[in-house]
There are 2 protein chains.
Amino acid sequence: MEETQDNIQFQLTDELIEKVEVLVEDKNDKELKLLLNEYHYADIAEILDELDLDDALYVIKLLDSETTSDVLMELDEDNREKVLKNLSAKEIAEEIEELDTDDAADIIAELPEERQQAVISQIEDEEHKAEIRELLTYDDDTAGGLMAKELVKVYETWTVAGCLRRIRGQAKDVTRVHSIYVVNKEEKLIGRLSLKDLIVAKSDQKIADIAKDNVDYVNVKDDAEDVARVMAKYDLEAIPVVDDNQTLLGRITIDDIVDVLKEEADKDYQLAAGITQDVDSDDSIFDLTRARLPWLFLGLVGGVGAFLIMEGFQEAFSKYAVLFFFTPLIAAMAGNVGVQSSAIIVQGLANDDVKGSVNKRLIKEMLLAALNGTILALFLFIFVWITKGEFNTALAISVSLIAVIIVAGLIGTFVPLFLDKRGIDPAIATGPFITTSNDIFGILIYFWIAKLILGI
Amino acid sequence: MEETQDNIQFQLTDELIEKVEVLVEDKNDKELKLLLNEYHYADIAEILDELDLDDALYVIKLLDSETTSDVLMELDEDNREKVLKNLSAKEIAEEIEELDTDDAADIIAELPEERQQAVISQIEDEEHKAEIRELLTYDDDTAGGLMAKELVKVYETWTVAGCLRRIRGQAKDVTRVHSIYVVNKEEKLIGRLSLKDLIVAKSDQKIADIAKDNVDYVNVKDDAEDVARVMAKYDLEAIPVVDDNQTLLGRITIDDIVDVLKEEADKDYQLAAGITQDVDSDDSIFDLTRARLPWLFLGLVGGVGAFLIMEGFQEAFSKYAVLFFFTPLIAAMAGNVGVQSSAIIVQGLANDDVKGSVNKRLIKEMLLAALNGTILALFLFIFVWITKGEFNTALAISVSLIAVIIVAGLIGTFVPLFLDKRGIDPAIATGPFITTSNDIFGILIYFWIAKLILGI
């Protein structure tokens, strides 16, 4: 057996893309197959993502379904949509036959409703068809929506020898076995085994004797993020899914959880930046605008609100011009503090670290904000007093800064907690929402305190 | 075998914590062990995180090392530090004996340098000691820093029967076998096998004949984030680690990668909010201040900069007061657009989606910003014209808005790309850094354009 040359660092070079494009143009099927068969399906998908739709379709129709089905799953979502539009129901069904039931259900769910039935009816394997139909009944964001029907299941009454014999058949369809699930004759999940346990056991032992009865599981209706958190916490690589009667329905594997974790992180990050949809830098200007404009508009409205407030105080300007020049500073600090506070709370909620009373947290945030605010206000006070020589003005600005920072910190801490308790994604309360509302509050408080101290 | 009652939804209730505290106070060791042995080590760690240090130490010294070593790994980092301070070198070494080499090395690395040697010298298992010493030589953020020495390795010259016989011994130490790695007699990685492959093969076949030679691997010096990305991309659950000569050194398992992914997401999220250290809402006010104050101070300096700029233009105020009242709006829009642009780029870089020329991307961002800016400026123009009736002023403010948005978008797109090309974490360029610099640029551009259009 020769030494492996498999370098994990697949490089998507312009030369490679060009090479594929040329082979497609020449309809050089033989060379194309030789070239592409060297690559992992995830890499082939990366190549196809860079090709024109026609070239990508050519390649997909050229390669066998076993490869193309996996490639389809790895394509960029938008590209996959275009590819599926250009495949017939029969062609899509051929891909579906090759996919695990969870991926198969995901692909069908991406199709417009009218096409779904057409594709499903073309699936030849009756068992596969029935399983996919079942998976489609579950909500996306639940354990049922994540799970696959492929698993290895043994009955507690079998012997180890009988088990090994029978699972050769089941294991053929299961890419990674992980745990073998033990059920009773009513199909209820009662235990688990590993292949390792099977190998080291004596062949005449009963499954019931060697199985471990402490098997973790999730309910088919559990939230996907909870499943992810549980699998990460207990270092699980697969978890069986049961219904309310403990009947074994399917299993979720860690690679799907890794995808859920990455999508979650991306979504929270985008919300914090004020982007409403799932976009990336390769999307069209139209899609990017549609995702970014709403929050920008909110910022504009907030800015107009700030304008109206400042206009309302404009008499004060004639006496204390310097107050107005510090407005951007006050607004910026309010925004920064608010973003920091909300980020820490949102992250804590996501990691399930936020326990204990809300009041305790608010008091802690108030003390923290007061401490930070006082330190910063001290610097500001010294700066204004030295450069302007006006004690009262310096005092007004500095005291306002402390007040604004405390209020911004409290808003940033309270709002995510409030949303979370009402079942709304607290991540909405990060980003432009917090910065805009804190700008308004900050400027209001600023001028109100200035009025008090300076008697304007 | 009884039906399992294992409910995955472990609830950390106040009653449970109190129960444990009472049992510890009464030194009721028997009941305490009975109670805690029901729980997974990750759950025991959650309980201990809520106890006083003395109570936690009591429990750790009570339970056997096999359990407590796993519990130690799951404790909150700060709590683990306190616990380790209160254990003797011998006691820590006993925990180390029970841990896999990657966790063992991580714990030792957390100790102050003086203690590390003391603990290592107390480890009885010579092989374990040598392996840990080796792992400590690798940098934290590399494959070497992530990997464990525990794996199952077979030589290509063995038969299937001989293999099964020998791996029973190796597999004992390996929690999850995943792939079995095949090496030649120079210990170089040349292929892989799964337990499933072994089971379905004939007992007299040679390993060399049934092994797969397309084995993915990473180099011991590869960056941890690259390893994570690769494992997620190819749906791997374990990956072997080799040196420059292809010698098999260790392996990384998916549960470690899940942790890396979560820490990465947390870190980027915190950087975007302007938090410089790894803090969570349970940290002390002192630690939280130390993490949050630096960026707030940067914001303060930026605010002072904005003040100086506005002061420089104050003559304009007497004629065009309304200009000043719109400054917060301009600054806020600049900040929002900058954050959106940088978030999309940083996310794209993290997902390795950003290919192609930087110039193309900047041009696209400019068009996008021009489009968004024009739409928003139109609304603003109509608002100012209707409420103020001054055409020129409305024009000045609206044109400035477009210019500011374009510049903010370009800065937000360019800076992360620039940092990334120079090997600096682009996530630094999100959050307060972008909002503060965009505030300054925004206000500068605003008044400069206003001067041009209004001739002040």
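All values below were derived from every heavy atom in this structure, side-chain atoms included, with hydrogens, water molecules and symmetry-related copies excluded. It should be emphasised that the depicted structure is a prediction, and the values quoted were computed from it without experimental measurement. The chains referred to below are lettered A, B, ... by the order of the sequence lines, with proteins before strands, and numbering in each begins at 1.
In this structure, the portions of A:L288 lying under 4.5 Å from any heavy atom of chain B include both its backbone and its side chain. Only the side chain of A:L164 comes within contact range of chain B, with at least one heavy atom under 4.5 Å from a heavy atom of that chain. With a threshold of 4.5 angstrom between heavy atoms, A:T435 approaches chain B through side-chain atoms but not through N, CA, C or O. Both the backbone and the side chain of B:I285 come within less than 4.5 Å of a heavy atom of chain A. When heavy atoms are compared at a cutoff of 4.5 Å, A:L401 approaches chain B solely by way of its side chain, counted from C-beta outward. Of the atoms belonging to A:F286, not a single heavy atom falls under 4.5 Å from chain B. Neither the backbone nor the side chain of A:I257 comes within less than 4.5 Å of any heavy atom of chain B. Neither the backbone nor the side chain of A:I330 comes within less than 4.5 Å of any heavy atom of chain B. Proximity to chain A involves both the backbone and the side chain of B:S341, based on heavy atoms less than 4.5 angstrom apart. Of the atoms belonging to A:L261, it is side-chain heavy atoms, and not backbone ones, that fall under 4.5 Å from chain B.
Counting only heavy atoms from C-beta outward, the side chains of B:Y217 and B:Q246 approach each other to under 4.5 Å. Side-chain contact between A:E237 and A:D255 is absent, with no heavy-atom pair separated by less than 4.5 Å. Here the side chains of A:L12 and A:D43 are not in contact, with every heavy-atom distance at 4.5 Å or above. Contact annotation: the side chain of A:K233 approaches that of B:E46 to within less than 4.5 Å [non-hydrogen atoms, C-beta and beyond].
Taking chain B as the reference chain and counting heavy-atom pairs below 4.5 Å, the highest number among A:L380, A:D256, A:I344 is found for A:I344. Listed options B:L198, B:V304, B:L329 were ranked by heavy-atom pairs under 4.5 angstrom with chain A; first place goes to B:L329. Note on A:V337, A:T387, A:T327, A:D259: by heavy-atom pairs under 4.5 Å with chain B, the leading option is A:V337. Chain A forms more heavy-atom pairs under 4.5 Å with one residue of B:I345, B:V346, B:L308 than with any other, namely B:V346. Taking chain B as the reference chain and counting heavy-atom pairs below 4.5 Å, the highest number among A:T289, A:T253, A:V258 is found for A:T289. Ranking A:D439, A:I309, A:I254, A:V384 against chain B, the residue ahead of the rest is A:I254, based on heavy-atom pairs under 4.5 Å. Chain A forms the most heavy-atom pairs under 4.5 Å with one residue out of B:L296, B:D14, B:V339, and that residue is B:L296. In terms of heavy-atom pairs under 4.5 angstrom with chain A, the leader among B:M231, B:E74, B:H40, B:E365 is B:H40.
Counting all heavy atoms, side chain and backbone alike, B:T436 lies closest to B:L298 at CG2-O, 3.8 Å. Pairing each heavy atom of B:N336 with each of A:G299, the nearest pair is ND2-CA, 3.8 Å. Looking at every heavy atom in both residues, B:M310 comes nearest to B:I443 through CG-CG2, 4.2 Å. Here the shortest heavy-atom pairing between A:L349 and A:R229 reads O-NH1, 4.1 Å.
At least one donor-acceptor pair under 3.5 Å links the side chain of A:Q340 to the backbone N or O of B:R292. With hydrogens and angles ignored, the 3.5 Å screen pairs a side-chain donor or acceptor of A:D49 with a backbone N or O of A:D76.
In A:F379, the CZ atom is not crowded: 12 or fewer heavy atoms of neighbouring residues, nucleotides or ligands sit closer than 6.0 Å.
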